*Asks:* 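Please see the structure below; I have some questions.
All figures in this text were calculated on a predicted structure; none of them were measured in a lab. Counting starts at 1 for both ligands and their atoms, in listed order. Throughout, residue positions are numbered sequentially from 1 according to the sequence presented.
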Amino acid sequence: MDPTIPIHTVICLVCWSFSLLPLCASSSRHLLPGKPLSAGSTITSNDGTFALGFFSPSSSGTKQYYIGIWYKNIPEDNVVWVANRAMPVTDPSSATLAFTNGSDLALSDTNGQLLWTTNISAAGNSSSEATAGKATLYNNGNFILRSQGIILWQSFDYPTDTLLPGMNFRITHKTHALQQLISWRNPQDPSPGNFTYGAHPDEFLQRFVWNGSTPYRRSPVWNNFLVVGQYIGSIKSTIYFTLQTVDDEVYISFGVPAPSVSSLVLVKMDCSGKMKIRTWNSNVSKWTDLQSEPNQECNKYGYCGPFGYCDNTQPIVTCKCLDGFEPNNKQDWTARRFSQGCHRMEALRCGQGDGFLNMSSMKVPDQFVHVKNRSLDDCIADCTSNCSCTAYAYANMSTKVINGDETRCLLWIGDLIDTEKLMGEGENLYIRVNGFSVL
Ligand SMILES: *[C@@H]1O[C@H](CO)[C@@H](O)[C@H](O)[C@H]1NC(C)=O
Ligand SMILES: *[C@@H]1O[C@H](CO)[C@@H](O)[C@H](O)[C@H]1NC(C)=O
Ligand SMILES: *[C@@H]1O[C@H](CO)[C@@H](O)[C@H](O)[C@H]1NC(C)=O
Ligand SMILES: *[C@@H]1O[C@H](CO)[C@@H](O)[C@H](O)[C@H]1NC(C)=O
Ligand SMILES: *[C@@H]1O[C@H](CO)[C@@H](O)[C@H](O)[C@H]1NC(C)=O
Ligand SMILES: *[C@@H]1O[C@H](CO)[C@@H](O)[C@H](O)[C@H]1NC(C)=O
Ligand SMILES: *[C@@H]1O[C@H](CO)[C@@H](O)[C@H](O)[C@H]1NC(C)=O
Ligand SMILES: *[C@@H]1O[C@H](CO)[C@@H](O)[C@H](O)[C@H]1NC(C)=O
Ligand SMILES: *[C@@H]1O[C@H](CO)[C@@H](O)[C@H](O)[C@H]1NC(C)=O
Ligand SMILES: *[C@@H]1O[C@H](CO)[C@@H](O)[C@H](O)[C@H]1NC(C)=O
């Protein structure tokens with residue numbers, strides 16, 4: 001089949017309440033040179049899952065329009081990608097998304113002002129610049145611009161606030177910048193909001209949600225498994241999260257094995273600061289949050305103060321002091337004000353007779369030193385011999401080798417912050433204490 005011929009023509013009987021523009025006209029899965037997309041028409045993936053076109057998220061007031069990709073058959077909260085998130089179209093009457101003379105796609109408003117472009121030439125994809133291409137919306141939600149078969153640009157490389165199955169999300173940077181998910185400002189406004197999700201620039205082993213520039217939530221540190229499967233009863237399927245290297249850069253991605261009843265799973269940086277794993281429950285026509293983090297006050301970054309930890313295993317999730325430590329301010333602690341944290345009950349003796357207490361199922365603290373290429377014994381020795389070392393944790397990431405090093409020795413110098421005890425996951429954290437308190 002010649003893919004340039006529109007595969008099907010869909011007459012929209014219902015235009016969803018998310019205020020998509022007037023009656024949808026004909027739709028193909030391609031955008032072609034000389035055939036601009038204007039408000040009122042959409043591009044639809046082959047199987048009808050995704051649509052691309054102009055939309056307006058505000059139900060009242062002055063309407064602003066954006067080019068986006070959304071789930072065509074889901075009536076609410078359905079937008080997964082936005083092109084011009086900070087540059088809305090105010091008058092959609094003759095705004096268009098069209099090929100430029102080169103092979104870029106550009107969104108221009110009624111006055112001819114450029115609001116958004118794929119900017120391929122600037123991204124170093126200039127070799128095919130002069131050749132007009134073709135842009136196609138695929139069944140997985142990826143919008144791919146090709147010229148002579150070569151991918152020049154794809155929406156999966158420019159996530160907005162949502163990860164879809166099969167997207168690679170870059171968490172190390174060699175030749176490309178780190179990727180981030182940035183929340184919408186509010187449910188009616190896709191412009192960049194307060195919350196950002198991504199890897200720490202210097203340490204791909206953990207990801208953060210930041211509120212502005214302040215850490216708000218930190219993921220557990222990757223340990224021995226580079227593929228993590230989480231069985232979700234409500235969708236009778238397992239969601240896999242994997243870490244993989246592509247051309248020397250590390251990516252995370254997630255997926256649901258096909259054929260799965262509900263491949264309709266996404267990860268979203270929500271505008272209230274929660275990282276959500278959501279699935280669409282078609283039985284009740286609602287999104288179900290499989291995970292929403294931070295789930296409790298206690299799970300917010302550093303909530304329990306230095307040397308405190310959030311104990312998720314208790315019926316009432318609350319802060320505790322690490323073993324060998326007690327609250328700095330007992331009154332505050334009793335009144336559930338935890339920010340001052342805890343201090344050591346017995347001073348360290350350093351060279352002579354310190355020991356390590358083993359706390360299991362932990363989300364290990366932030367601000368570690370990641371010592372490369374160390375055996376377990378080396379790692380213990382590194383911590384023992386350095387009086388400032390307050391804890392260590394060790395993992396052998398033998399399931400896959402990242403940059404030729406399968407070991408993961410973490411040392412902490414100074415305060416232990418943002419520690420948690422997890423339900424049935426996590427790892428062992430070895431905390432340095434005065435030798436007599438170990439006995
Ligand atoms: C595109 O090319 C045509 C013919 O060469 C020219 O008239 C027009 O100004 C060009 N448009 C842009 C946006 O460069
Ligand atoms: C295209 O990318 C270059 C380099 O990143 C940037 O300087 C320029 O402003 C971009 N142009 C547009 C129209 O976005
Ligand atoms: C152009 O960029 C895309 C991703 O944006 C990349 O996958 C592709 O390899 C690049 N193509 C060339 C010819 O550099
Ligand atoms: C994010 O930070 C701002 C101040 O920068 C604060 O007003 C707001 O409450 C914070 N949001 C959350 C969810 O903590
Ligand atoms: C975003 O930050 C601003 C101040 O920086 C604050 O007023 C607002 O409440 C914050 N919004 C959320 C959802 O935290
Ligand atoms: C939807 O309903 C069917 C039939 O009652 C049931 O088997 C399925 O588990 C339900 N799916 C969800 C996600 O609740
Ligand atoms: C630490 O505790 C865990 C769980 O009880 C155990 O599996 C592990 O072997 C302990 N570590 C050491 C060094 O004893
Ligand atoms: C790891 O350390 C060993 C010796 O301890 C050394 O022979 C080896 O080259 C190191 N590997 C890397 C990748 O640094
Ligand atoms: C890591 O585990 C693998 C498999 O169990 C083993 O072959 C390898 O020697 C271990 N590496 C270290 C540094 O302990
Ligand atoms: C202890 O370890 C830290 C971090 O690796 C290092 O900066 C410091 O110099 C070490 N101290 C000693 C006495 O080795």
*Asks:* Return yes or no for this condition: an N or O of Ser388 is under 3.5 Å from an N or O of ligand 10.
*Replies:*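 Such a contact does not occur with ligand 10.
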*Asks:* Look at atom 12 (C) of ligand 4 and say whether a protein heavy atom is found at less than 4.0 angstrom from it.
*Replies:*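 Protein heavy atoms within 4.0 Å of atom 12 (C) of ligand 4 - there is at least one.
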*Asks:* Test the Arg29-Tyr138 pair against the cation-pi criterion, namely NZ or CZ under 6.0 angstrom from the six-membered ring centroid and within 45° of the ring axis.
*Replies:*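 Here Arg29 passes the 6.0 Å and 45° test against Tyr138.
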*Asks:* Can a salt bridge be assigned to the pair Lys276 and Asp270 using a cut-off of 4.0 Å between side-chain N and carboxylate O?
*Replies:*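 A salt bridge links Lys276 with Asp270.
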*Asks:* When the ring centroid of Tyr430 is compared with that of Tyr392, is the distance short of 6.0 Å?
*Replies:*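 Yes: the rings meet the under 6.0 Å criterion.
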*Asks:* How long is the gap from NZ on Lys363 to CG on Leu422, to the nearest 0.5 Å?
*Replies:*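 Rounded to the nearest 0.5 Å, the NZ-CG separation comes out at 7.5 Å.
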*Asks:* Nearest non-hydrogen atom to atom 10 (C) of ligand 5 belongs to which of Asp270, Asn194, Asn186?
*Replies:*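 Among Asp270, Asn194, Asn186, the closest heavy atom to atom 10 (C) of ligand 5 comes from Asn194.
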*Asks:* Report yes or no: is the SG-SG distance between Cys342 and Cys321 under 2.5 Å?
*Replies:*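 Judged by the SG atoms alone, which are under 2.5 Å apart, Cys321 and Cys342 are bridged.
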*Asks:* Quick one: nearest non-hydrogen protein atom to atom 9 (O) of ligand 10, plus distance?
*Replies:*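 Protein heavy atom at minimum distance: Asn386 ND2, 4.7 Å.
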*Asks:* What I want to find out is whether Asp418 reaches Lys300 closely enough, with some N-O distance under 4.0 Å, to be called a salt bridge.
*Replies:*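 No, Asp418 and Lys300 are not salt-bridged.
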*Asks:* Would you mind checking if Arg217 and Glu293 are paired as a salt bridge, meaning a charged N to carboxylate O distance below 4.0 Å?
*Replies:*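 Salt bridge: yes.
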*Asks:* Would you mind checking which non-hydrogen protein atom is closest to atom 5 (O) of ligand 10, with the distance to 0.1 Å?
*Replies:*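 Ranking protein heavy atoms by distance from atom 5 (O) of ligand 10, first comes Val369 CG1, 4.3 Å.
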*Asks:* Under 6.0 Å between the ring centres of Tyr71 and Phe50?
*Replies:*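 Ring centres of Phe50 and Tyr71 closer than 6.0 Å.
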*Asks:* Please state which part of Phe195 comes within less than 4.0 Å of ligand 4, counting heavy atoms only: side chain, backbone, both or neither.
*Replies:*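 Near ligand 4, Phe195 shows its side chain, while the N, CA, C and O stay back.
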*Asks:* Among all protein heavy atoms, pick the one closest to atom 14 (O) of ligand 4 and tell me residue, atom and distance.
*Replies:*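 Result: Tyr216 CE1, 3.6 Å.
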*Asks:* Could you list which atoms of ligand 10 come closer than 4.0 Å to a heavy atom of Ile413?
*Replies:*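 By the 4.0 Å cutoff, the relevant atoms are 2 (O), 3 (C), 4 (C).
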*Asks:* Counting both backbone and side chain atoms, is some N or O of Asn211 under 3.5 Å from an N or O of ligand 5?
*Replies:*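 It does not: no N or O of Asn211 is found under 3.5 Å from an N or O of ligand 5.
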*Asks:* Do protein heavy atoms approach atom 2 (O) of ligand 10 to less than 4.0 Å?
*Replies:*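 For atom 2 (O) of ligand 10 the answer is yes, since some protein heavy atom falls inside 4.0 Å.
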*Asks:* Strictly less than 4.0 Å: does any protein heavy-atom distance to atom 7 (O) of ligand 10 fall in that range?
*Replies:*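 No, because not a single protein heavy atom sits under 4.0 Å from atom 7 (O) of ligand 10.
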